[in-house]
Amino acid sequence: MRRSKLFMPTIKETPADAQIPSHRLMLRAGLVRQTAAGIYSWLPMGYRVLRKIEQIVREEMDSTGAQEILMPTIQPSELWQESGRYDDYGKEMLRVTDRHDRGLLYGPTHEEVVTDIFRNSVKSYRDLPQNLYQIHWKFRDEVRPRFGVMRGREFFMKDNYSFDIDAASARISYNKMFVSYLRTFARMGLTPIPMQADSGAIGGDMSHEFIILADTGESTVYCDSAWLDSDPLSLDIDFDTDLQPIVDRWTKLYAATDDKYDPESCPVNEERLYTGRGIEVGHIFYFGTKYSNAMGATVSNDQGQEVPVEMGSYGIGVSRLVGAIIEASHDDDGIVWPESVAPFQVGLINLRAGDAACNEICEKLYSSLSVANVDTLYDERDERAGVKFAEMDLIGLPWQIAVGPRGVKAGTVEIRRRGGKREEISAEAAFSRLT
RNA sequence: CGGGGCGUGGCGCAGCCUGGUUAGCGCGCCUGCUUUGGGAGCAGGAAGUCGUGAGUUCGAAUCUCACCGCCCCGACCA
């Protein structure tokens with residue numbers, strides 16, 4: 001992509017409304033624009049990142065055997081009356097009425113819809129287990145949206161739902177999701193901590209929030225300080241084996257969210273206990289037969305008895321992750337994208353647009369990188385060098401190549417990682433470094 | 001939902017208290033010249049229903065009331 005063609009409205013000054021770094025940077029780097037309180041439009045740069053994250057989530061879901069579906073954003077109120085949540089949910093649920101005076105709502109989550117689909121189609125234990133996911137928009141009418149896309153009212157999320165014949169099997173499904181989440185986040189350069197979370201009426205140990213430690217996080221969290229230098233997960237995992245040992249390893253050290261933390265019973269002593277802020281990027285939850293009972297989602301077991309299906313639901317905040325990754329990875333100059341989610345891999349800067357030799361080398365590099373499928377943003381505008389460098393730093397592409405008259409004379413270009421040291425090498429060497 | 005704050009060219013702000021010519025400033029934008037390796041300089045220029053609606057007044061960005069929108073703290077949430 002040529003910079004001159006790209007719709008990327010960057011701003012030099014800090015927008016007054018944005019408080020935390022990720023929000024400021026997302027506005028300054030032209031990733032998003034606010035359309036209403038807690039509601040954002042995604043511009044090309046932001047949308048590219050959003051799709052990268054979405055794709056990682058999708059690939060990881062698929063690799064566990066979950067299947068992608070797409071449910072409606074608008075749901076009928078009746079389903080929620082059936083589950084009993086219509087009255088419980090409160091004002092956060094956006095309720096609307098259609099022209100026939102029928103009650104509808106903009107889905108804040110999809111347990112009811114997916115349970116309805118399931119009960120109408122699955123009747124036998126032979127069709128279990130089943131795991132269905134979707135990635136799309138949800139709406140929760142938060143009283144107070146804030147922190148940009150980290151706490152929006154409309155948000156993009158992956159949610160999935162597991163169906164099992166019994167509790168033991170449900171645990172296997174739960175473990176798959178647990179491990180899958182660790183892998184998913186690791187691919188984005190994040191190492192979240194799975195924390196015990198409130199498991200509601202069901203109780204038990206099968207509810208975890210995946211939390212990224214960050215000063216700007218909105219929830220208070222408590223964990224064994226050994227978490228702070230824990231090793232990242234090995235990505236090589238066979239989901240058909242027993243995953244319990246991996247889950248055990250990742251739940252051995254204490255970690256709990258605010259509502260689950262109890263100073264009386266906390267097993268970690270004070271010196272060892274880390275108290276900080278965190279961003280919740282995922283939540284997995286086993287809720288047994290809560291909805292299957294209420295909504296009559298039953299299957300026949302191998303004894304011929306009709307039993308309610310065991311369910312769990314699992315969420316990843318895809319749009320929130322864009323902000324969360326920036327919170328975890330930025331510096332004074334701007335965003336520092338991990339390669340896996342960067343909107344472009346390479347920023348190519350022509351320091352002297354108009355200079356024949358610079359143009360030639362840039363064009364050659366640009367086209368060969370394109371052929372090699374390396375996403376490159378080529379800044380060929382007639383701007384000063386400082387403007388281009390500053391903007392490249394702001395948008396945080398993993399690699400920068402600068403081509404200027406000085407280097408051209410010496411037969412070199414400059415390459416550097418975002419935030420790293422520049423290195424002068426030949427254009428050919430730069431090319432092979434990036435492919 | 002409780003408390004607080006803010007709405008003035010695209011962005012950031014001043015002006016309001018103490019009403020009175022053509023509403024300013026910085027950034028950005030356009031034109032020209034100069035410049036050209038870390039957000040350039042000079043000159044010229046375009047762009048504003050002062051959130052909306054009532055009211056007070058000879059006269060309202062400025063005072064009063066209502067409404068709308070947005071932000072912050074808290075309670076709540078992926």
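Just so we're clear, the structure is a prediction, and the values are computed from it rather than from any experiment. The basis for the numbers below is simple: all heavy atoms, side chains too, and nothing from hydrogens, waters or symmetry mates. Protein chains get the first letters and strands the later ones, always in sequence-line order, with residue 1 at the start of each.
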Mind checking the [atom1] distance from [N] to [M]? Whole angstroms is fine.
N       : M       : atom1 : answer
rU31(B) : rC71(B) : P     : 35 Å
rU49(B) : rA23(B) : P     : 12 Å
rC27(B) : rC67(B) : P     : 41 Å
rA46(B) : rG10(B) : P     : 16 Å

What is the pairing partner of [N], taking Watson-Crick or G-U wobble pairs with both distances under 3.5 Å in any strand?
N       : answer
rA46(B) : none
rC33(B) : rG41(B)
rU64(B) : rA54(B)
rU21(B) : none
rC6(B)  : rG69(B)
rA14(B) : none

With sugar-phosphate meaning primed atoms plus P, OP1 and OP2, does [X] contact a base, only sugar-phosphate, or nothing at under 4.0 Å between heavy atoms?
X         : result
Ala390(A) : base
Glu209(A) : nothing
Gly354(A) : nothing
Asp393(A) : base
Arg146(A) : base
Arg24(A)  : nothing

(request) Report the C-alpha distance between Phe431(A) and Leu369(A) in whole Å, list the side-chain angles of each, state the deciding distance to 0.1 Å, and finish with yes or no for side chain to side chain contact (heavy atoms under 4.5 Å, CB included). (result) CA-CA 7 Å; Phe431(A) 174 77; Leu369(A) 285 168; 3.8 Å; yes
For [X], check salt bridge (charged side-chain N to carboxylate O under 4.0 Å, His left out) against everything at least two apart and list the hits.
X         : value
Asp141(A) : Arg153(A)
Arg33(A)  : none
Arg384(A) : none
Glu112(A) : Arg85(A)

(message) Can you work out whether Gly315(A) or Thr10(A) has the more 5'-proximal nearest nucleotide on RNA chain B?
(response)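 The 5'-side residue here is Thr10(A).
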(request) With RNA chain B as reference, determine whether Val149(A) or His23(A) sits nearer its 5' end, using the nearest nucleotide of each. (result)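 By nearest-heavy-atom nucleotide position, the 5'-most residue is His23(A).
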Using a 4.0 Å cut-off on heavy atoms, which residues in [range] reach RNA chain B? List them by number, or say none.
range                       : value
residues 28-55 of chain A   : Arg28(A), Gln34(A), Ala36(A), Ala37(A)
residues 133-142 of chain A : Arg140(A), Glu142(A)
residues 396-410 of chain A : Gly404(A), Pro405(A), Arg406(A), Gly407(A)

Under 3.5 Å, which protein N or O atoms sit close to an N or O of nucleotides 29-31 of chain B? Give each pair with its distance.
none

Hey, what's the ring geometry for [X] with [Y], parallel, tilted or perpendicular (30° and 60° as the breaks)?
X         : Y         : value
Trp137(A) : Phe156(A) : tilted
Tyr174(A) : His208(A) : tilted
His283(A) : Phe285(A) : perpendicular

(request) Using only side-chain N and O atoms of Lys12(A), determine if any of them is under 4.0 Å from OP1 or OP2 of rG28(B). (result)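 Answer yes for this pair, as a side-chain N or O of Lys12(A) is under 4.0 Å from OP1 or OP2.
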(message) Please determine whether a side-chain nitrogen or oxygen atom of Lys91(A) lies at a distance below 4.0 Å from atom OP1 or OP2 of rC1(B).
(response)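 Lys91(A) to rC1(B) OP1/OP2: side-chain N or O found under 4.0 Å.
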(request) Under the salt bridge (charged side-chain N to carboxylate O under 4.0 Å, His left out) rule, what do Arg433(A) and Glu423(A) come out as? Steps first, then yes or no, please. (result) CA-CA 12 Å; Arg433(A) 182 86 57 99; Glu423(A) 201 182 327; 3.1 Å; yes
(request) State plainly whether the residues Arg171(A) and Glu310(A) are in salt-bridge range, i.e. N to O under 4.0 Å. (result)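 No, Arg171(A) and Glu310(A) are not salt-bridged.
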(request) Considering only NZ, NE, NH1 and NH2 on the basic side and carboxylate oxygens on the acidic side, decide whether Glu383(A) and Lys388(A) come within less than 4.0 Å. (result)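 No, this pair does not count.
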(message) Among residues at least two apart in sequence or on other chains, which ones pass ring pair (Phe, Tyr, Trp, His ring centres under 6.0 Å) with His330(A)?
(response)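 With sequence neighbours excluded, His330(A) shows a ring pair (Phe, Tyr, Trp, His ring centres under 6.0 Å) to no residue whatsoever.
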(request) Compare the minimum distances between each of rA75(B), rC72(B), rU36(B) and the side chain of Gln19(A), then state the nucleotide with the smallest one. (result)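 Between rA75(B), rC72(B), rU36(B), the one nearest the side chain of Gln19(A) would be rC72(B).
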(request) Consider the side chain of Glu92(A), meaning its heavy atoms from C-beta on, and name the nucleotide among rA75(B), rG38(B), rC77(B) that approaches it most closely. (result)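 Of the options given, the side chain of Glu92(A) lies nearest rC77(B).
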(request) Report yes or no: is there a donor-acceptor pair, N or O only, under 3.5 Å between the side chain of Arg422(A) and the base of rG38(B)? (result)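 Present.
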(request) Could you verify whether a donor N or O on one side chain and an acceptor N or O on the other, from Asp159(A) and Gln134(A), lie under 3.5 Å apart? (result)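 Looking only at side-chain atoms, Gln134(A) and Asp159(A) do form a donor-acceptor pair, the distance falling under 3.5 Å.
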(message) Quick one about Lys158(A) and His136(A) (side-chain donor to acceptor, distance below 3.5 Å, no hydrogens or angles considered), yes or no?
(response)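 Looking only at side-chain atoms, Lys158(A) and His136(A) do not form any donor-acceptor pair under 3.5 Å.
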(request) Report the distance from atom OG of Ser313(A) to atom OH of Tyr291(A), rounding to the nearest 0.5 Å. (result)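 Going from the OG atom of Ser313(A) to the OH atom of Tyr291(A) covers 7.0 Å.
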(request) Could you note down all residue pairs passing side chain to side chain donor-acceptor pair (under 3.5 Å) where residues 5-20 of chain A supplies at least one of them, sequence neighbours left out? (result)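 Checked against side chain to side chain donor-acceptor pair (under 3.5 Å) - neighbours excluded - the pairs reaching residues 5-20 of chain A are Thr10(A)-Glu391(A).
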(request) Write down the distance between CZ (Arg384(A)) and P (rU35(B)), rounded to a whole number of angstrom. (result)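 Rounded to whole Å, this separation is 11 Å.
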(request) Would you kindly give the CG-to-C1' distance between Asp198(A) and rC77(B), to the nearest whole Å? (result)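 Between C1' of rC77(B) and CG of Asp198(A): 13 Å.
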(request) In sequence, state the C-alpha distance, the side-chain angles, and the governing distance for Glu327(A) and Arg320(A), and then conclude on salt bridge (charged side-chain N to carboxylate O under 4.0 Å, His left out). (result) CA-CA 11 Å; Glu327(A) 284 303 320; Arg320(A) 170 179 285 186; over 6 Å; no
(message) Determine whether Glu218(A) and Arg277(A) satisfy the following criterion, salt bridge (charged side-chain N to carboxylate O under 4.0 Å, His left out), listing intermediate values before the conclusion.
(response) CA-CA 6 Å; Glu218(A) 52 178 331; Arg277(A) 314 278 298 171; over 6 Å; no
(request) In sequence, state the C-alpha distance, the side-chain angles, and the governing distance for Arg3(A) and Glu380(A), and then conclude on salt bridge (charged side-chain N to carboxylate O under 4.0 Å, His left out). (result) CA-CA 7 Å; Arg3(A) 175 61 184 94; Glu380(A) 48 13 329; over 6 Å; no
Nucleotide N/O of nucleotides 3-12 of chain B paired with protein N/O under 3.5 Å:
unit_1, atom_1, unit_2, atom_2, d
rG12(B), OP1, Ala16(A), N, 3.3
rG12(B), O4', Glu13(A), OE1, 3.4

Listed pairs, N/O of protein and of nucleotides 47-52 of chain B, under 3.5 Å:
none

(request) Step by step, work out the side chain to side chain contact (heavy atoms under 4.5 Å, CB included) result for Met61(A) and Arg58(A). (result) CA-CA 5 Å; Met61(A) 276 293 117; Arg58(A) 175 174 290 117; 5.7 Å; no
